[in-house]
Amino acid sequence: MDLSFDKKFYDKGFLSIAGIDEAGRGPLAGPVAAAAVILPIDISIPYLNDSKKLTEKRRNELFGIIKEKALAYSVAVIGNDKIDEVNILQAAFMAMKNAVQCLKVVPELCLVDGNHKIPNFNINQEAVVDGDAKSAAIAAASILAKVTRDKIMRDYAEKFPQYGFDKHKGYGTKIHMEALKKYGACEIHRKSFAPVKTAIANRAAKPHNF
């Protein structure tokens, strides 16, 4: 992926452009992570692409390269308790906003993956549908967010091995759903999500033998 999409905005006079993306809106457990990345205008990173189109090995390789070559980068995480409190979309916006605010360079423009701009934000923004497949800066952000969140979920797998978080990263796979039915929800499950609510309700309804 080259910088041709991003350069259209540089040509409009913006000197620093941050790509923003999140990882983890869909899972039933764990945090949502968001990253913001400002790349040099003349950078070339081989194999840079939407994180979902890359192997785990390639993402991990690019993770280090992006951090080394970016002018600025930041990753922010919002936990499952806050997700339950404000809903997943608002939590994702919070993570995105926090990531931008933690950048060591203040961007003049943010390219935000998706069809929503970050609300109540005083920096110029463009929402870019399928941005992680179009913008190099957004693609870089998608990789940082994804790799960061995956590591968090692997760490949680050591604490809660019965759920297999290292395999599915909290998504509602068959293995995960079977574990939910058997063990109920743990402390990192998103209690406001319907499948988790159902698992909790079903376990509460089961008779207990004393």
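Both backbone and side-chain heavy atoms feed into the values below; hydrogens, waters and symmetry mates do not.
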Between Phe5 and Lys134, the two heavy atoms sitting closest are CB-O, 3.2 Å
- Message: For Tyr73, I'd like to know if atom OH has over 12 heavy atoms of other residues, nucleotides or ligands within 6.0 Å.
- Response: no
Closest heavy-atom pair, Glu187 versus Phe160, reported as atoms and distance to 0.1 Å, is CG-CZ, 3.4 Å
key: Side chain proximity check, Pro107 to Val100, heavy atoms < 4.5 angstrom   = yes
Using a strict 4.0 Å threshold on nitrogen-to-oxygen distance, state whether Lys159 and Asp155 make a salt bridge. no
| Quick one: are Cys110 and Phe121 in side-chain contact, heavy atoms under 4.5 Å? | yes
side-chain contact (heavy atoms from CB on, under 4.5 Å) test vs Ile66 passes for just one of Ile43, Val147, Val37, namely Val37
Electrostatic pair Asp150:Lys146 at N-O distance under 4.0 angstrom: yes
Test your reading of the model: is there a side-chain donor-acceptor pair from Ser135 to the backbone of Gly131, 3.5 Å cut-off? no
task = Taking the six-membered ring for Trp and the full ring for Phe, Tyr or His, determine whether the centres of His189 and Phe165 are under 6.0 Å apart.
result = yes
Is a side-chain donor or acceptor of Asp84 paired with a backbone partner of Ser192 at a separation under 3.5 angstrom? yes
In the structure I gave you, are the side-chain heavy atoms of Phe193 and Ile88 within less than 4.5 Å of one another anywhere?
yes
Distance col, row Lys181:NZ vs Met177:CE, nearest 0.5 angstrom, shows 6.5 Å
Any side-chain heavy atom of Leu39 within less than 4.5 Å of one from Asp6?
no
Between Phe9 and Ile17, the two heavy atoms sitting closest are CB-CD1, 3.4 Å
Derivation and outcome, side chain to side chain contact (heavy atoms under 4.5 Å, CB included), residues Tyr171 and Leu28:
CA-CA 6 Å; Tyr171 284 88; Leu28 307 179; over 6 Å; no
Q | Min side-chain heavy-atom separation Lys52-Asp132 under 4.5 Å | A | yes
Salt bridge check: are Glu85 and Lys82 linked by an N-O gap of less than 4.0 Å?
-> yes
Between Met153 and Ile188 the two heavy atoms that sit nearest each other are CE-CD1, 4.0 Å
Exam field: side chain Asp50 to backbone Lys53, donor-acceptor pair closer than 3.5 Å
no
What one should report as the nearest heavy-atom pair of Ala136 and Leu3 is CB-CD2, 3.6 Å
- [ ] For Arg190 and Pro31, indicate whether the former's side chain and the latter's backbone hold a donor-acceptor pair under 3.5 Å.
- [x] yes
ask   = Is there side-chain contact between Ile78 and Asn98, with heavy atoms separated by less than 4.5 Å?
value = yes
For Glu61, is there an ion pair with Arg58 - N to carboxylate O distance below 4.0 angstrom?
yes
Q. Quick check: does any side chain N or O of Ser142 sit under 3.5 Å from a backbone N or O of Ser51, one acting as donor and the other as acceptor?
A. yes
Side-chain donor/acceptor pairs under 3.5 Å, residues 122-129, sequence neighbours excluded:
{"residue": "Asn124", "atom": "ND2", "partner": "Glu108", "partner atom": "O", "Å": "3.3"}
{"residue": "Gln125", "atom": "OE1", "partner": "Ile118", "partner atom": "N", "Å": "2.6"}
{"residue": "Gln125", "atom": "NE2", "partner": "Ile118", "partner atom": "O", "Å": "2.9"}

- Message: Quick check: do Pro27 and Arg149 have side-chain heavy atoms less than 4.5 Å from each other?
- Response: yes
Lys197 side chain near Ile200 side chain, heavy-atom distance below 4.5 Å = no
All heavy atoms of Ala141 vs all of Ala35, minimum pair found to be O-CB, 3.3 Å
Would you say the side-chain atoms of Arg25 pair up with the backbone N or O of Val32, donor to acceptor, closer than 3.5 Å?
no
- Task: Starting from the C-alpha separation in whole Å, work towards a yes-or-no answer on salt bridge (Lys or Arg N to Asp or Glu O under 4.0 Å) for Glu56 and Arg154.
- Result: CA-CA 13 Å; Glu56 182 176 6; Arg154 285 195 297 272; 3.1 Å; yes
